Amino acid sequence: MAYRMNMPPKEERASQRLFGTDGVRGVANVYPMTAEVAMQLGRALAHLIRNGPHRHRVIIGKDTRLSGYMLEQALAAGLTSMGVDVDLVGPLPTPGIANLTTSMRADAGAVISASHNPYQDNGIKFFWRDGFKLPDETEAKIEELVASGAIDSIRPTATKIGRAFRLEDARGRYIVFLKTCFPRELTLEGMTIVVDCANGAAYKTAPAVLEELGAKVIALGVQPDGKNINHKCGALHPENLSRAVVKHGAHLGIALDGDADRLIVVDEKGNVVDGDAIMAICTGELVTRKELKKKTLVSTVMSNIGLERAVSRWGVKVVRTKVGDRYVVEEMRKNGYNIGGEQSGHLIFSDHTTTGDGTLAALQLLAVMCRQQKPVSELASIFEPVPQTLVNVVVKQKRELGELPTVMKAIQDVEKKLGKDGRVLVRFSGTEPKARVLIEGIDATRNEQYAREIAEALSKALNG
């Protein structure tokens with residue numbers, strides 16, 4: 001009976017969207033993050049990638065969650081049942097899977113991770129053979145195949161069934177790639193770096209890269225037990241990292257999240273430096289080296305207006321996208337830009353990679369430090385953020401804001417109060433049952449008051 005409660009009826013599943021802004025995500029072993037759905041996703045992906053009589057291959061990686069074992073085997077079973085071979089790499093950062101997919105000329109890559117979510121959650125996201133995340137239309141095709149049962153009768157037999165292999169040197173391949181992204185003429189010798197791996201996918205790769213480039217590394221969050229991923233550590237909780245940087249007199253603190261595709265930095269004084277500041281620093285360096293394409297930086301609507309002010313000194317314009325690193329990447333690919341990211345720390349350097357990579361982004365920042373011989377605090381001083389308040393509201397349902405008159409009135413009232421000195425952004429999370437209220441204005445106290453007003457309106461309208 002409990003299982004039936006977790007799995008919606010077939011006709012209901014057909015109308016539900018599986019993919020959010022970053023793959024399929026939810027509580028592990030509860031629909032849609034069940035072994036059954038993982039197997040169906042594997043079968044659907046296998047059906048889409050087949051483009052000839054040759055043997056096809058998919059790379060599967062994961063983070064350190066307990067449920068990763070269950071979903072890894074189910075996803076592999078789905079792929080092999082359709083005649084596709086699988087390379088299992090174990091715990092490896094999401095960008096590592098994107099890199100291996102292209103370098104090994106695989107047909108696709110799959111990552112089992114819920115990124116920054118607690119260990120009870122998990123997720124599945126895919127990369128195409130070119131190393132980029134699947135476009136919306138391809139995800140829609142996968143959803144259709146899963147819901148319709150159109151490929152249920154396709155059952156290869158005998159030697160046409162796929163095989164699964166363990167790729168033993170995956171970590172080493174990714175480490176070598178990351179090192180090639182750091183300028184060969186530079187070294188990290190003499191630097192002390194604290195790195196917090198969030199007990200996640202980078203717990204071995206990030207410290208190894210920094211050490212091999214010459215740094216003295218103090219590693220935190222490198223003892224995963226299947227349950228402690230992101231727990232009071234990593235990019236979402238940099239407090240311990242800040243204390244460790246000050247205690248050890250380190251030059252820099254690096255905080256990654258569970259799948260290591262995002263980066264938050266702590267300067268030598270223990271102060272947190274977010275993605276906006278890192279983008280400003282690295283954009284300035286690209287301008288100096290005449291390597292910034294089209295004098296443009298790509299960010300999302302969540303980025304602080306202080307970012308635009310910081311890069312305007314170099315004549316750089318900022319193009320904003322919807323929230324989600326995939327939309328940043330899409331804009332970069334569409335128009336040929338080479339740097340973009342999110343305030344939350346998803347930073348994309350397209351001259352090197354196809355997706356956000358926390359460790360690679362840290363190396364780009366470290367290269368600036370080495371070249372300019374300046375501490376992070378001084379480099380970050382070019383970015384002066386306008387006060388922001390972000391409030392998350394847990395909601396029972398998600399509806400178009402235009403359908404909620406009381407919420408729209410609250411938003412309009414706040415916009416009038418802020419005038420030209422601020423802005424309001426209200427959006428629903430693509431990965432969690434939450435609405436996010438962002439207020440940006442010159443008065444931090446009033447920002448908090450305005451955010452609470454809108455949050456209360458949202459809660460009443462959506463939670464009853």
Side-chain angles (χ1 to χ4, degrees), residues 16-28 30-33 63 65 94 111 113-125 133-134 136 139 143 198 200 229-231 234-237 257-259 261-262 264 274-276 299-304 320-330 341-347 355-356 388-404 407-408 410-411 414 423-440 447-448 450-464:
Q16 288 185 352
R17 281 221 63 187
L18 290 173
F19 289 88
T21 55
D22 198 21
V24 184
R25 194 176 295 187
V27 178
V30 176
Y31 183 85
M33 285 318 306
D63 62 24
R65 295 165 206 271
T94 288
V111 180
S113 173
S115 188
H116 59 276
N117 287 28
Y119 88 93
Q120 296 94 332
D121 293 350
N122 217 325
I124 296 175
K125 50 190 167 185
K133 291 179 180 178
L134 301 187
D136 290 342
E139 291 182 344
E143 288 180 342
I229 186 171
N230 298 316
H231 182 63
L236 265 65
H237 305 282
D257 67 338
D259 68 336
D261 65 350
R262 61 193 277 190
I264 294 295
D274 67 13
D276 283 347
S299 68
T300 74
V301 292
M302 296 294 286
S303 279
N304 196 287
R320 291 181 181 259
T321 72
K322 294 190 295 184
V323 174
D325 63 311
R326 63 181 298 167
Y327 300 113
V328 173
V329 172
E330 285 176 6
E342 296 188 280
Q343 184 185 63
S344 60
H346 289 113
L347 306 174
T355 190
Q388 280 185 338
T389 295
L390 177 63
V391 174
N392 293 315
V393 185
V394 176
V395 295
K396 295 179 180 178
Q397 56 179 315
K398 297 179 182 180
R399 293 170 56 189
E400 291 292 333
L401 294 176
E403 300 175 0
L404 308 172
V407 175
M408 291 303 298
I411 292 173
V414 170
R423 66 188 180 107
V424 178
L425 176 66
V426 180
R427 54 174 286 269
F428 291 104
S429 169
T431 58
E432 299 175 277
K434 293 179 180 179
R436 308 198 193 281
V437 180
L438 174 72
I439 305 294
E440 194 170 78
N447 290 350
E448 293 178 9
Y450 296 154
R452 285 197 301 271
E453 291 174 6
I454 297 175
E456 289 173 6
L458 275 165
S459 184
K460 289 179 181 178
L462 297 174
N463 297 332

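Keep in mind it's a predicted model, so treat the numbers as computed, not measured. Atoms considered below: every heavy atom in the structure, side chains included; atoms not considered: hydrogens, waters and symmetry mates.
In this structure the side chain of Gln388 never reaches within 4.5 angstrom of the side chain of Met302, judged on heavy atoms. A 4.5 Å side-chain heavy-atom check between Leu404 and Leu462 finds at least one atom pair inside the cut-off. Proximity of Tyr450 to Val437: side-chain heavy atoms (C-beta onward) are nowhere separated by under 4.5 Å. Within the 4.5 Å cutoff, the side chain of Glu453 has no heavy atoms near those of the Ile439 side chain. The shortest distance between side-chain heavy atoms of Ile264 and Leu236 does not fall below 4.5 Å. You'll find the side chain of Glu330 stays beyond 4.5 Å of the side chain of Thr321, heavy atoms only.
Judged purely by atom type and a 3.5 angstrom limit, Asn463 uses its side chain to pair as donor or acceptor with the backbone of Lys396. In terms of modelled atom types and a separation under 3.5 Å, the side chain of Asn447 and the main chain of Ala451 share no donor-acceptor contact. Side-chain N or O atoms of Gln120 include none that pairs as donor or acceptor with a backbone N or O of Ala28 at under 3.5 Å.
Applying the salt bridge (Lys or Arg N to Asp or Glu O under 4.0 Å) test to pairs two or more places apart or on separate chains, those with a residue in residues 428-437 are Glu432-Lys434, Glu432-Arg436. For residues 320-329, the set of pairs meeting the salt bridge (Lys or Arg N to Asp or Glu O under 4.0 Å) definition, not counting sequence neighbours, comprises Lys133-Asp325, Asp136-Arg326, Glu139-Arg326, Glu308-Arg320.
With rounding to the nearest 0.5 Å, the separation of CG in Asn304 from CG in Asp274 is 8.0 Å. Put simply, CD1 on Ile124 and CE on Met33 are 4.0 Å apart, with the number rounded to the nearest 0.5 Å. Rounding to the nearest 0.5 Å gives a distance of 5.5 Å between NE2 of His346 and CZ of Arg262. Here His231 contributes atom NE2 and Tyr119 contributes atom OH; the two are 10.0 Å apart, rounded to the nearest 0.5 Å. Note that OG of Ser115 and CG of Asn230 are 7.0 Å apart. Values are rounded to the nearest 0.5 Å. The CG atom of Leu18 sits 14.5 Å away from the CZ atom of Arg25 when rounded to the nearest 0.5 Å.
There is a side-chain donor-acceptor pair under 3.5 Å between Ser113 and Asp63.
Sparse packing is recorded around CD of Glu400, with 12 or fewer heavy atoms of other residues, nucleotides or ligands lying under 6.0 Å away. For Lys460, the NZ atom counts as loosely surrounded, since its 6.0 Å shell holds 12 or fewer non-hydrogen atoms of other residues, nucleotides or ligands.
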Full working for side-chain contact (heavy atoms from CB on, under 4.5 Å) between Leu401 and Met408: CA-CA 7 Å; Leu401 294 176; Met408 291 303 298; 4.0 Å; yes

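Among Ile411, Val414, Val393, the single residue meeting the side-chain contact (heavy atoms from CB on, under 4.5 Å) criterion with Val426 is Ile411.
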